[in-house]
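Letters go in sequence order (proteins before strands), and every chain restarts at 1.
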Protein chains: 2
Amino acid sequence: MMEHEIFRALADPTRRSIFEKLAAGRMNASALRQGMEISQPAMSQHLAVLREARLVREQKEGRFVNYEVDPDGLALIAQWLAKYRAYWPARIDALRLLLKDMDQ
Amino acid sequence: MMEHEIFRALADPTRRSIFEKLAAGRMNASALRQGMEISQPAMSQHLAVLREARLVREQKEGRFVNYEVDPDGLALIAQWLAKYRAYWPARIDALRLLLKDMDQ
DNA sequence: GAATCGCATAAGTCTGTGCTTATGTGTTTC
DNA sequence: GAAACACATAAGCACAGACTTATGCGATTC
């Protein structure tokens with residue numbers, strides 16, 4: 001189940017930080033490490049987990065590997081969340097406004 | 001961070017199953033165990049984790065404890081997801097339709 | 001073509017966590 | 001009020017996973 005890799009990937013705070021950093025723009029693994037006190041292998045392993053969860057994707061450029069957010073993973077979370085629409089609170093208005101935003 | 005408890009709670013497949021079951025309607029812990037091959041203490045511990053993540057909430061009734069989906073947890077996931085709206089794919093239409101659904 | 005660089009992989013260690021059995025606590029039943 | 005019930009908590013165990021150091025591998029630099 002794809003669902004599983006996604007939630008498992010996001011369960012780790014370090015991986016959430018990495019994902020958040022990538023959301024600000026594509027970056028290679030070394031750049032991601034800046035100000036993060038994490039070893040190079042650790043970063044590589046975290047990126048592998050995020051990649052397998054389809055939360056990020058890679059683009060090889062020479063000896064660099066640029067990573068960026070993969071919309072597929074986010075879409076799968078949205079799908080999962082949608083299953084429980086019956087329980088969404090009224091103040092889901094934020095999400096509603098958000099989608100209106102995308103229309104413009 | 002609330003975010004952490006939520007993703008950690010959902011990282012476990014058994015807990016996701018429990019949550020899914022509760023989404024079908026409120027139920028006490030014993031009813032939840034039906035057809036799940038899980039010990040009573042294990043269920044109790046899983047429910048505690050889900051409760052701390054605000055994904056479910058309890059309602060004590062006599063010697064029974066009924067559990068139900070807590071919209072707060074779902075709202076927090078929606079909020080987290082909303083942070084990455086810039087990366088949502090075009091085919092997020094499902095979500096869009098969903099919200100239209102709620103309007104009726 | 002040797003050295004360096006960016007990254008991945010291997011192997012081992014240590015902590016977190018999901019399970020178990022055992023027991024405790026409050027509620028209902030008889 | 002004793003027994004049965006629904007559930008929580010405690011303690012211990014076994015495995016998953018996040019880290020480390022060491023090494024490998026392709027691309028670039030000189």
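Here the C1' atom of nucleotide D:dA16 and the NE2 atom of A:H4 are 10 Å apart, to the nearest Å. Atom-to-atom, CE of A:M36 to C1' of D:dA18 comes out at 13 Å; the value is rounded to the nearest Å. The CG atom of B:L10 sits 16 Å away from the C1' atom of C:dG18 (whole-angstrom rounding). Residue A:H46 contributes atom NE2, which lies 15 Å from atom P of C:dT9 at whole-angstrom precision. Between the CD atom of A:E37 and the C1' atom of D:dT20 there is a distance of 15 Å, rounded to whole Å. Residue A:E52 contributes atom CD, which lies 13 Å from atom C1' of C:dT9 at whole-angstrom precision. In this structure, CG of B:L47 is placed 17 Å from C1' of C:dT17, rounded to the nearest angstrom. When the P atom of C:dA8 is taken as reference, atom CG of A:L32 falls 11 Å away, rounded to whole Å.
Shown here for A:A11 and B:R8, the closest heavy-atom pair between the two residues is CB-CA, 4.0 Å.
Among the nucleotides D:dT28, D:dC7, D:dA18, the one closest to the side chain of A:R63 is D:dT28. Nearest nucleotide to the A:R15 side chain, out of D:dT20, D:dA18, C:dC7: D:dA18. Here the nucleotide nearest the side chain of B:E58, chosen from D:dA8, C:dG6, C:dA10, is D:dA8. Set against C:dA11, C:dA8, C:dG6, the side chain of A:F64 has C:dG6 as its closest nucleotide. Closest to the side chain of A:Q45, from the set C:dA10, C:dA8, C:dC7, is C:dA10.
Taking the six-membered ring where the residue is Trp, B:F19 and A:Y84 present perpendicular rings, their angle passing 60° and hence far from 30°.
When the side chains of ILVMFWY residues are joined at heavy-atom separations under 4.5 Å, either directly or via intervening members, A:M43 and A:V49 end up in two distinct hydrophobic clusters.
A:R15 contributes a side-chain N or O that, together with a main-chain N or O of A:A9, makes up a donor-acceptor pair within less than 3.5 Å.
The 5' end of DNA chain D is approached more closely, in terms of each residue's nearest nucleotide, by A:R8 than by the other of A:R8 and A:S39. Between A:Q40 and A:D12, the residue whose closest nucleotide on DNA chain D is further toward the 5' end is A:D12.
Taking 4.0 angstrom as the limit, A:Y67 places a side-chain polar atom (N or O) nearer than this to OP1 or OP2 of C:dA8. Between D:dA6 and B:S44, no contact under 4.0 Å exists linking OP1 or OP2 to a side-chain N or O.
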Please tabulate, one pair per line, all N/O donor-acceptor pairs under 3.5 Å involving side-chain atoms of residues 21-41 of chain B, not counting sequence neighbours.
from: B:K21; atom 1: NZ; to: B:L32; atom 2: O; distance (Å): 2.9
from: B:K21; atom 1: NZ; to: B:Q34; atom 2: O; distance (Å): 2.7
from: B:R26; atom 1: NE; to: B:E68; atom 2: OE1; distance (Å): 3.4
from: B:R26; atom 1: NH2; to: B:Q59; atom 2: OE1; distance (Å): 2.4
from: B:R26; atom 1: NH2; to: B:E61; atom 2: OE2; distance (Å): 3.3
from: B:N28; atom 1: OD1; to: B:S30; atom 2: N; distance (Å): 3.2
from: B:N28; atom 1: OD1; to: B:A31; atom 2: N; distance (Å): 2.9
from: B:R33; atom 1: NE; to: B:I38; atom 2: O; distance (Å): 2.9
from: B:R33; atom 1: NH2; to: B:I38; atom 2: O; distance (Å): 3.2
from: B:S39; atom 1: OG; to: B:A42; atom 2: N; distance (Å): 3.2

